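On a predicted model such as this, the values are computed, not experimentally measured, just so you know.
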Amino acid sequence: MKKIHFTLLMTIVALLSLQSCSSDDSSYGTDKTNIQISGIESRYSVTSFAGRYLEINPQITSSFADDDLEYSWAYYDPTVQTIGPSEKAKVISTDRNLKYEVNMLDGNYKFYLTVTSKSTGYGQQSQLFDVTVSSALSKGFYIIKENGNGDTDIDFYSTMEETLISNVLSEKSDGAIKGKPRSLDIIPNMCYINPDDGEKASGTCVSITTDDDKARWYRILDMKKVMDETNCTYDGYVAGRKPYRTVYSSYSGHYLSSSAVFTSYLSSVMLSIGKFATIGDNGSSTHVIRNGKNMYFVTWNEGEQRFGEIDYNGSYFPVNGTDGTPMVRLDNVECLSSGMCLAGSGTGYFIMQDKNDSAKRWIYYIEFDPSTSMASIAKIKEVEAGSHLAKSSVTAVNCLQSTVVYNIDGNKLYSYDLNGIVAEKELPLAGLAADETVTYIANRFLKANDSWDRLFVGTQKGNTYKIYIYDVVGGEPVGQPVKTISGSGKLRKIDYADPEITKAGQTPLLDD
């Protein structure tokens, strides 16, 4: 019986093989008849709406005469979830060599080239290749600063053009925002009402708040304002409400304020008018961490003097103390900074200081239950008196590579081991000018086609800021800066925008 089954199986295989061969025209399947496409990179980047061209000169090797070949360059829209025969691509050129002026919305597009013999219909298609399209303000570093009038503006460093665009709000939008800068955040897939036609729309937006309690959201496609503090929430404008910042999870954007955390779904879930709603009246601050699953947040509630947890829907949960019960008010402390380190099991850190004695500081270790994602205070550690961390006014947590917090003391960079195993260590900063004062540090990373993990060190000298960007190995900056950016104004913070950033976790959520 087994022999019969084996014989039948081999017969079926043989028939399938014959059927497969017969589906090809034998005159096209030999080595003498072929079309080969090469010379196309796997990835390109181009600036849109700026007179820039996508230029590709492929190498075509063929057994057909040149005048018998026809060409078709095409791409799939990035909103297409599946790519295949059932999806329709847009043809943009029928020339052999591509020179295509790019006037496309931000996104990552899939392109391909098809070469066909006109006389026989035989053709070959290249492998799909990526083209990342960015408008002039869509790919690079956003730098929030205080201008000469004491108000808020932003500079933009384009990593595509390697140029700095200064005073973007003054030059390309509705002007600088009153008040010194409080926060800046980049939010992908944010919903809003299109200021051009009044219809629902979405895209990457920049959120800006100031200490004059102003809030603005601009779409980075052209820096048109889409919302402000007067129309961003369903309850309308509330005098005295402090706008802190906007953060996002895998599903939602969250507007943090002194009176509540407001929530609106991102367009990856549903398209809406973009206004924020609240489930509970629970305040917050600029100090917030996001868990490793990118769904839950813990923020320091400045008004209630305690930690609170918010999920992706905007629901609020109290954070448990070290004894397992909901924590009580911490009236004697203030929050200096926060950070989330994803190295190891993933732990969040809040650096707190005694309100009456700046020499006393503590680190609150926040952990998320792996099954429920509920947050609790795992332990509280007093910072050693006399340590560099105890004296520093500039700190930042390493995000991925090492459980350390960076700090500045005496204009020098140190690392403090959060596990308490290694003593504080000075980390040299090559290329840093001695007459510049370090006012900002941050560890930023990008998880995309062009991934990187770097330390950003900001300095100030008079009205000039500089940003030194270092590669990071083992949590430490190495070598000379890979890039240095300089501009006018007082530096507050840096964030990164890129069309490839479409979900939480591709970049870190850093402290403000």
Item to check | Residue pair Asp453, Asp471: steps toward the side chain to side chain contact (heavy atoms under 4.5 Å, CB included) verdict | outcome: CA-CA 6 Å; Asp453 186 356; Asp471 279 330; over 6 Å; no
Nearest atoms (heavy-atom pairs only) where Ile289 meets Gly348: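 Result for this residue pair: CD1-CA, 3.6 Å.
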* **Shortest non-hydrogen contact from Ser250 toward Leu266** =>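 Nearest heavy atoms, Ser250 then Leu266: O-CD1, 4.4 Å.
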Looking only at side-chain N and O atoms, does [Y] offer a donor or acceptor that is under 3.5 Å from a partner on [X]?
| X | Y | value |
| --- | --- | --- |
| Glu229 | Tyr255 | no |
| Asn449 | Glu500 | yes |
| Ser258 | Arg241 | no |
| Asn313 | Tyr265 | yes |
| Asn301 | Thr299 | no |
| Trp217 | Thr246 | yes |
| Asn108 | Thr132 | yes |
| Tyr218 | Asp174 | yes |
| Glu161 | Thr47 | yes |
| His287 | Asp511 | yes |
| Tyr142 | Asp155 | no |
| Ser252 | Thr263 | no |
| Asp369 | Ser371 | yes |
| Tyr416 | Glu384 | yes |
| Asp153 | Ser170 | yes |
| Ser267 | Ser202 | yes |
| Lys178 | Asn149 | no |
| Glu302 | Tyr244 | yes |

Under a 4.0 Å N-O cut-off, is there an ion pair linking [X] with [Y]?
| X | Y | result |
| --- | --- | --- |
| Lys214 | Asp228 | no |
| Asp417 | Lys425 | no |
| Arg492 | Glu146 | no |
| Arg219 | Asp196 | yes |
| Lys412 | Asp409 | no |

To the nearest 0.5 Å, what is the distance between [atom1] on [X] and [atom2] on [Y]?
| X | Y | atom1 | atom2 | result |
| --- | --- | --- | --- | --- |
| Ser415 | Glu424 | OG | CD | 7.5 Å |
| Asn398 | Leu418 | CG | CG | 9.5 Å |
| Ile310 | Ser315 | CD1 | OG | 10.0 Å |
| Ile220 | Met190 | CD1 | CE | 12.0 Å |
| Arg52 | Asn103 | CZ | CG | 11.5 Å |
| Tyr406 | Ser392 | OH | OG | 13.5 Å |

Quick check with a 6.0 Å cut-off and a 45 degree axis cone: is Arg454 positioned over the face of Tyr496's six-membered ring?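 That pair does not qualify as a cation-pi contact.
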- Ring-face cation of Lys379 near Tyr365 (centre distance under 6.0 Å, axis angle within 45°): yes
Side chain to side chain donor-acceptor pair (under 3.5 Å) with Lys145: of Asp151, Asn167, Thr152, only one passes, and it is Asn167
Original post:
Does the side chain to side chain contact (heavy atoms under 4.5 Å, CB included) test come out yes or no for Trp300 and Gln305, once each step is laid out?
Top reply: CA-CA 7 Å; Trp300 171 249; Gln305 290 290 120; 3.6 Å; yes
> Parallel, tilted or perpendicular for Phe307 and Tyr364, by the 30°/60° rule?
Replying inline: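 Ring orientation of Phe307 relative to Tyr364: tilted.
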Looking at [X], I'd like to know if its [atom1] atom is crowded, meaning that more than 12 non-hydrogen atoms belonging to other residues, nucleotides or ligands lie closer than 6.0 Å.
| X | atom1 | result |
| --- | --- | --- |
| Lys360 | NZ | no |
| Lys483 | NZ | yes |
| Phe276 | CZ | yes |
| Lys490 | NZ | no |
| Lys172 | NZ | no |

query: Would you say Ile366 and Glu309 make side-chain contact, with heavy atoms under 4.5 Å?
result: no
Salt bridge (charged side-chain N to carboxylate O under 4.0 Å, His left out) test vs Asp213 passes for just one of Lys242, Arg182, Lys180, namely Arg182
inquiry  = Just checking Phe456 against Phe141, ring centres under 6.0 Å apart?
reply    =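 Under 6.0 Å, so yes.
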Hey, mind stepping through His254 and Tyr248 against ring-ring contact (aromatic ring centres under 6.0 Å, His included) and telling me if it holds?
CA-CA 6 Å; His254 305 273; Tyr248 68 99; 9.3 Å; no
